[in-house]
Amino acid sequence: MRTKLKPKKLQSTIMAAFSVLSISILLVLGVMVYVRVSASSGQDMIRSTQKLMEQTGENLEDYLVSMRQISDAVYYNVIKENDLSNQENSIRQGMNLLYEANRSRLRSIAIYNPYGSLVAAEPVALQKEDPDVTKQDWFVKAMGDTANLHFSIPHIQNLFDDDTKRYYWVISLSRVVELTDQGVPFTGVLLVDMDDTGISRMMKKINESNHGQYYYLCDGSGQIIYHNRQVQISKGIAYENSEKTARYKDGVYDDTFEGERRKVIVNTISYTGWKLVGIIPEATFTHGMREIGYFIAMLILLMAMMLAVINRVISDRISSPILKLQRSVMEYEAGEKPEIYIGGSLEIRQLGYSIQRSYEQIDALMHKIVVEQNERRKSELDALQSQINPHFLYNALDSITWMIEGERNDDAVFMISQLAKLFRISLSKGRTVIAVRDELQHAKSYMNIQKIRYKNHFTVVFEEDESVDDCCMVKLVLQPILENAINYGVGDMDGDGEIRVTGRQEDGTVILSVSDNGVGMTQEEVHLVLSDSSRIHKHGSGVGLVNVNNRIQILFGKEYGLSVESEPDEGTTVAIRIPAVPYTEENRKSLEKGRLFIASKVENKE
């Protein structure tokens, strides 16, 4: 059986290929766009963070520069211009003017001698008992490095008492100054305490507008100056790797802290060595890209839907002409005669033209082969027919002459009538195919003549079903079988011989058999009967069973023909098997032309 392709298989294959290719390209483009946008977004976030930190750093520097300016003004305009011995009031007045001008940012201005004793302070306040100034960090750093200014980290102002009994967080700027007492110079320390709220306010402001990132301030050793979780860090509840960050130079670094990957941006504050640090956790980058990822996914989905429609249209345009060509070819192979479809692109049209020309050539060759085969079959049948030896006719005429001379006129008339029937059916207007009824009549006429010749040494019985009478049959196939049954079976038996001719139909097959109770044959001889056409016949027409078998198979095919069964001293049965084809003029002509069974074989193969 020929396997038929599903009509939509080609279209589905083309559409699936286009869809897979399109989706693959979309996914690759989507991933590339996502990675590109992600990288660009991350760089934009880093740049915006750096810009914000630069602005904040400039504000912090301005804030610290104002502290330095106040310190410079106290030193150069007040301390260097006055002597402590006789101008102490001038020093206090100058310090007071500077304090009042900057009191929104200042907490105190104080001058200490090298032993830690208070020389002057503004605003006027009582110093706490035994504050031990010489051990405080701002004093130690100033005396240890006299050439520079020193900024402290935020701390509680613990030098003076005021009426409010409040504690203030301050940042101290300390420096070594040269004091004069009665014209004698000596070294002292100038301390300017500025309110910490200005720095806190700036740091809180940049930490409010964040999307996961945060900022903190530390000194060069990593001590926290400001952190939005400073209280938790001081209590050991939270941690920050500020000591490691303090060693970084200005720039952007990849860091991992507490199992979390993050970007660390460092910006150094001038004059102080402080580090303004920006932290951007990796989750901040992915959070910002989530909505972009959704947008790209929706865009890919919409493009995939559009491409699916486009792919369908393209696959239809490509596959439709091919499917039409396939259907026309399948209809042609099924036995119909449609026009081969010619359409579509140039390549498909050329293919259609080629197939059409091929089928036209095949049809022409098939017609030529059929004509040649029919001629060959007719020649073979004529050759086989011509092998009938006229010896039987000579014997029959001799018998009639003998009967007339013996005045057995009735027997002569009967024999002449049987001989007339015999030759009428033998001629059959030149036809090769006759009805089974006529073939059986021919056999009966033949056996009636033979019984007279053999003086009734044997009996003949005909038994046939009416269902076989109107079936097609090759003429003159029973006569050679009956002749062999007489000559090689019962001819020499003295009245005990019997020949039985039967006809029946089984499963669409007509079976005609000739049985005798003669001498029979061995299995080797049975094999030679149907395989050796060169055997020398001692009696009869000379038409062997091989030729009869060939005549049947030429018309009906190799699956039909003769079969022989025989046992020595028991008899022989020769069976003829042919298809049960109703005898009509159309079937007769088709059989003689060889078309009926060519068509049936094609159908069986399919």
Side-chain angles (χ1 to χ4, degrees), residues 57-128 131 133-134 136-155 157-162 168-199 202 269-274:
E58 291 174 358
N59 293 335
L60 287 172
E61 288 175 2
D62 292 341
Y63 186 83
L64 297 174
V65 166
S66 67
M67 290 182 65
R68 180 172 180 171
Q69 290 173 347
I70 293 171
S71 176
D72 288 342
V74 173
Y75 181 35
Y76 293 109
N77 296 333
V78 178
I79 295 177
K80 276 190 171 291
E81 298 295 330
N82 297 286
D83 191 297
L84 292 176
S85 61
N86 54 13
Q87 295 175 322
E88 184 175 353
N89 289 333
S90 298
I91 292 174
R92 292 183 182 278
Q93 288 177 359
M95 292 174 63
N96 181 263
L97 287 174
L98 289 172
Y99 175 78
E100 290 297 331
N102 298 279
R103 67 180 302 163
S104 61
R105 292 178 290 173
L106 287 175
R107 283 300 169 192
S108 63
I109 304 174
I111 303 173
Y112 288 89
N113 64 22
Y115 306 106
S117 299
L118 180 63
V119 176
E122 190 64 37
V124 178
L126 295 175
Q127 184 174 265
K128 293 181 179 179
V133 172
T134 59
Q136 294 197 14
D137 187 64
W138 57 269
F139 189 88
V140 173
K141 287 183 177 180
M143 295 300 293
D145 185 3
T146 60
N148 294 317
L149 284 74
H150 303 280
F151 290 89
S152 71
I153 64 173
H155 62 280
Q157 209 264 22
N158 57 357
L159 296 176
F160 305 102
D161 288 327
D162 59 11
Y168 299 97
W169 284 86
V170 297
I171 295 175
S172 298
L173 170 60
S174 59
R175 64 191 296 179
V176 171
V177 295
E178 185 179 299
L179 302 174
T180 305
D181 188 5
Q182 296 180 356
V184 178
F186 64 94
T187 301
V189 177
L190 172 62
L191 175 66
V192 179
D193 283 338
M194 294 195 70
D195 195 347
D196 176 61
T197 56
I199 294 177
M202 285 186 282
I269 306 301
S270 302
Y271 308 115
T272 62
W274 291 357

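Along the sequence shown, residues carry numbers from 1. Computation of the quantities below employed the complete heavy-atom set of this structure, encompassing side-chain atoms and omitting hydrogens, waters and symmetry-equivalent molecules. Bear in mind that the values here come from a model prediction, so they are computed numbers and not experimental data.
- Nearest approach of W169 to P154, heavy atoms of both residues: CZ3-O, 3.5 Å.
- Note that CE of M143 and CH2 of W138 are 10.5 Å apart. Values are rounded to the nearest 0.5 Å.
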*Using the side-chain hydrogen bond (donor to acceptor under 3.5 Å, both in side chains) rule, take N89 and R92 through it: C-alpha gap first, then chi angles, then the decisive distance, then the call.*
CA-CA 5 Å; N89 289 333; R92 292 183 182 278; 5.2 Å; no
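- Taking CG of N82 as the start and CG of L179 as the end, the distance is 11.5 Å to the nearest 0.5 Å.
- In this structure a side-chain-to-backbone donor-acceptor pair under 3.5 Å is present from N113 to G116.
- Remark: D195 pairs with R107 by the salt bridge (Lys or Arg N to Asp or Glu O under 4.0 Å) rule, at least two apart or across chains.
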*asked:* Under the criterion side-chain contact (heavy atoms from CB on, under 4.5 Å), I'd like the reasoning laid out for Y112 against V119: C-alpha separation, chi angles, the key distance, then a yes or no.
replied: CA-CA 5 Å; Y112 288 89; V119 176; 5.6 Å; no
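- Listed here is the closest heavy atom pair of A110 and L118: CB-CD1, 4.0 Å.
- Between L191 and the options S71, S172, S152, a side chain to side chain contact (heavy atoms under 4.5 Å, CB included) holds for only S172.
- The distance from the CG atom of L173 to the CG atom of L64 is 8.5 Å, given to the nearest 0.5 Å.
- With hydrogens and angles ignored, the 3.5 Å screen pairs no side-chain donor or acceptor of H150 with any backbone N or O of V140.
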*Could you go step by step and tell me if I153 and I171 meet the side-chain contact (heavy atoms from CB on, under 4.5 Å) rule?*
CA-CA 6 Å; I153 64 173; I171 295 175; over 6 Å; no
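- Heavy atoms only, all atoms of each residue included: F139 and T134 are closest at CD2-CA, 3.5 Å.
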*List the steps and the verdict of side-chain hydrogen bond (donor to acceptor under 3.5 Å, both in side chains) for T180 and D83.*
CA-CA 5 Å; T180 305; D83 191 297; 5.2 Å; no
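- Considering every non-hydrogen atom in both P123 and S108, the closest pair reads CD-CA, 4.1 Å.
- Each of I91, V177, I109 was scored for a side chain to side chain contact (heavy atoms under 4.5 Å, CB included) with V74, with one residue passing: I109.
- D137 and K141 are joined by a salt bridge, as a carboxylate oxygen and a charged side-chain nitrogen come within less than 4.0 angstrom of each other.
- With rounding to the nearest 0.5 Å, the separation of CG in L149 from CZ in F151 is 6.0 Å.
- Atom CG in N148 sits 10.5 Å away from atom OG in S174 (nearest 0.5 Å).
- The salt bridge (charged side-chain N to carboxylate O under 4.0 Å, His left out) analysis of residues 168-178, with sequence neighbours excluded, yields the pairs D72-R175.
- Atoms CG and CZ, from L98 and R103 in turn, are 13.5 Å apart once rounded to the nearest 0.5 Å.
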